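In what follows, a structure is listed as structure tokens, so that the remarks can point back to it.
Being a predicted model, the structure only gives us computed values, none of them experimental. Sequence lines set the chain letters: A, B, ... in the order given, protein chains first and strands last, and positions in each chain run from 1.
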There are 2 protein chains.
Amino acid sequence: MGNNVTMRDIAERLGVSSVTISKALNDKEGVSDELKQKIKQVAEEMGYRFNTLAKSMKEGQAYNIGVIIPERFTGEIQSFYLKFYQHIARVLDHHQYSGILHILSADDEEQKVLPRIYYDKKVDGLLILGQISNDYIQLLNGIEIPIAYIDFYNEDAEADTVITDNFYGMYEMTNYLIKNGHQEIGFVGNIYSTSSIQDRFLGFYKSLLEHKLPLKQEYIIKDRDERGKYIEIELPDKIPTAFVCNCDQIAYNLITKLQSLGYRVPEDCSVVGFDNDIYAQIAEPKLTTVEVDIEEMSRTAVQLMISKLKSKKRKWEQVSVKGKLVLRDSVKKITDELQTTD
Amino acid sequence: MGNNVTMRDIAERLGVSSVTISKALNDKEGVSDELKQKIKQVAEEMGYRFNTLAKSMKEGQAYNIGVIIPERFTGEIQSFYLKFYQHIARVLDHHQYSGILHILSADDEEQKVLPRIYYDKKVDGLLILGQISNDYIQLLNGIEIPIAYIDFYNEDAEADTVITDNFYGMYEMTNYLIKNGHQEIGFVGNIYSTSSIQDRFLGFYKSLLEHKLPLKQEYIIKDRDERGKYIEIELPDKIPTAFVCNCDQIAYNLITKLQSLGYRVPEDCSVVGFDNDIYAQIAEPKLTTVEVDIEEMSRTAVQLMISKLKSKKRKWEQVSVKGKLVLRDSVKKITDELQTTD
DNA sequence: CTGAAAGCGCTTACAG
DNA sequence: CTGAAAGCGCTTACAG
């Protein structure tokens with residue numbers, strides 16, 4: 001239970017040198033099995049705790065990875081990235097690393113202030129969750145430690161990237177709607193605001209193309225301005241039979257709006273989302289949506305980071321991880337009706 | 001932009017010793033202002049980043065505080081403690097510390113495994129958010145670094161405690177209901193499950209006592225089993241005019257249940273919660289509830305921790321922080337009706 | 001005002 | 001199989 005037991009203390013107790021203790025505790029060559037067992041046992045008895053700081057200083061590695069989440073993604077209700085963090089932290093743990101979560105405030109992002117953990121050399125690398133401003137990316141490009149972006153892609157970023165397969169996810173989702181008889185389908189999302197939304201839109205469009213359905217401008221509806229701030233959704237004069245929303249939160253808002261105008265979902269209009277986050281569950285009806293594979297993405301991102309730490313030479317990689325459809329109650333099969341109304 | 005600039009590098013460049021650099025960069029006595037300015041400027045130019053690891057090792061302090069949240073509080077929807085973490089991290093930052101968030105898995109809690117950040121000496125202290133098992137508290141009592149519990153109180157814990165004033169919060173809330181004419185009031189929560197719920201219940205009871213209203217057993221309704229797992233709420237035969245719920249989530253569930261049985265809230269029955277978390281906002285009607293002062297609690301907890309780190313001798317303190325009523329739409333004033341039905 | 005020396009607790013060659 | 005020496009990058013007395 002000693003308050004500050006060091007390897008030297010163990011060494012003195014056993015009449016050996018601290019080098020031997022170090023080797024034994026790290027399972028390295030050069031200590032007899034017998035001695036090693038003895039050392040481990042005594043270390044345990046004395047309540048020895050390894051001093052990572054000393055090792056870190058020797059090696060110039062902190063064995064910590066910073067995980068950055070822009071503040072705007074951590075609002076009252078939005079907990080998607082926080083959930084992401086949990087998985088990342090768990091994977092890091094398996095690799096003997098710790099995660100240090102840092103919420104990047106809007107001010108710091110604006111004024112291009114890096115988190116203190118960077119200046120303090122407390123982290124060996126940075127994992128960035130979600131979209132971040134171009135200026136900030138430039139700032140990050142200039143720093144000395146490896147970076148990986150998760151769930152956000154930017155051409156200019158000099159870093160590894162792990163994104164969800166937005167394109168195919170929305171493509172499959174739209175295929176699913178069409179298979180259920182929908183031909184008039186709207187897309188809700190500002191396609192100039194983020195690359196994820198853009199890709200999701202393109203997946204949607206690809207499905208329309210393949211089915212020879214026209215892309216109608218009045219069915220492409222803005223949900224936010226270019227800076228990401230949500231705006232009031234303006235519905236078209238004629239409501240399509242289904243809306244594809246770029247995320248669950250927007251789908252949730254849309255459903256509320258449709259219902260307040262007297263439309264029933266999915267009877268009068270189907271609505272689908274993307275992400276399978278909390279909004280998909282609290283929506284009434286529950287949302288049919290695309291689930292992001294957080295676990296797989298976390299695993300991939302951590303592996304990229306650690307391999308980068310081991311060999312700085314490696315080129316940047318871009319990995320996209322497939323999601324999967326989650327079918328719930330917000331889509332109506334309208335094949336029959338269509339045949340008669342056509 | 002050098003990759004690994006040290007104080008010695010700056011020293012050599014300027015032809016002084018590294019001791020002088022250390023003093024200048026830390027704003028300590030013993031360097032002329034002129035030299036100090038010059039040193040800071042050159043450090044900046046050379047892209048010097050302070051090596052906290054070295055300082056830490058010298059001082060035996062990591063300048064990190066672990067923040068532990070039991071896994072069960074971080075579910076899909078529950079983000080209250082994560083929000084708490086953000087405030088704590090910000091306050092720590094002001095004190096030149098970093099927060100390391102650790103989600104304690106159910107397994108680790110059960111098997112009494114301490115987080116690695118403890119064994120690795122990466123943290124100087126531990127902040128525990130929310131209730132944790134008695135066995136785990138015993139485990140924590142045995143470790144060498146200071147602990148503070150937030151939003152949870154346990155007599156056996158040898159640590160500082162910062163709790164919200166559950167007792168007075170619920171007392172005031174119940175007073176508010178009575179002032180609005182309610183005399184038949186139910187309490188929803190398992191009063192044997194956590195000390196917070198118990199205290200909230202006692203505040204509720206105190207208000208009844210003061211107003212000479214009887215405490216009816218059939219109006220005390222369980223929402224979870226002793227281990228904290230939610231159970232189906234069983235409503236009494238006769239529905240009271242108001243329900244006091246031990247937290248917003250339960251209030252939300254209760255409203256859903258009442259509505260599914262044909263009751264209107266608050267017209268037929270008023271419902272109040274506690275916490276002012278996301279459930280208070282998504283409930284329909286929006287909940288009248290008690291808001292926990294997360295900011296103040298975070299500030300207090302961090303101060304206690306840091307003062308403990310500076311003088312280990314100090315006794316444990318228990319601080320309770322007042323919340324405040326948030327009035328919204330889930331309570332109906334029924335004074336008049338009561339006068340006629342009485 | 002400035003600096004030489006020692007030490008924080010480990011690990012990495014290297015020698016025996 | 002075992003250990004003496006040097007060093008990671010700082011800071012803390014202490015001496016000049």
Donor-acceptor side-chain pairing of N141(B) and D156(B) below 3.5 angstrom: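 No donor-acceptor contact under 3.5 Å links the two side chains.
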Residue pair Q41(A) / E45(A), side-chain donor-acceptor N/O under 3.5 Å: yes
B/S/- along nucleotides 4-11 of chain D (protein heavy atoms under 4.0 Å) is BB-BBBBB
Electrostatic pair E295(B)-R299(B), nearest N-O below 4.0 angstrom: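 Salt bridge present between E295(B) and R299(B).
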Figure out the [atom1]/[atom2] separation between [X] and [N], and round it to whole Å.
X      : N       : atom1 : atom2 : result
Q61(A) : dT12(C) : CD    : P     : 12 Å
K38(A) : dT2(D)  : NZ    : P     : 14 Å
E29(B) : dA13(D) : CD    : P     : 15 Å

Whether the side chain of Y136(A) engages the backbone of V113(A) through a donor-acceptor N/O pair (distance < 3.5 Å, no angle test) should be reported. yes
Ignoring hydrogens and geometry, is there a side-chain-to-backbone donor-acceptor pair from S195(B) to Y153(B) under 3.5 Å? yes
Should stems be defined as at least three consecutive Watson-Crick or G-U pairs with both distances under 3.5 angstrom, which of them involve DNA chain D?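 When the pairs of DNA chain D are grouped into runs of at least three, the stems are C:1-3 with D:14-16, C:5-12 with D:5-12, C:14-16 with D:1-3.
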How many angstroms lie between OG1 in T194(A) and CZ in F152(A), if you round to the nearest 0.5 Å? 8.0 Å
Would you check if Q86(B) and L82(B) make a side-chain contact, meaning some heavy-atom pair closer than 4.5 Å?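 No, too far: nothing below the 4.5 Å cut-off.
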Taking only residues at least two apart or on different chains, which pairs with a member in residues 27-66 of chain B satisfy ring-ring contact (aromatic ring centres under 6.0 Å, His included)?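 Output for this query lists Y63(B)-Y97(B).
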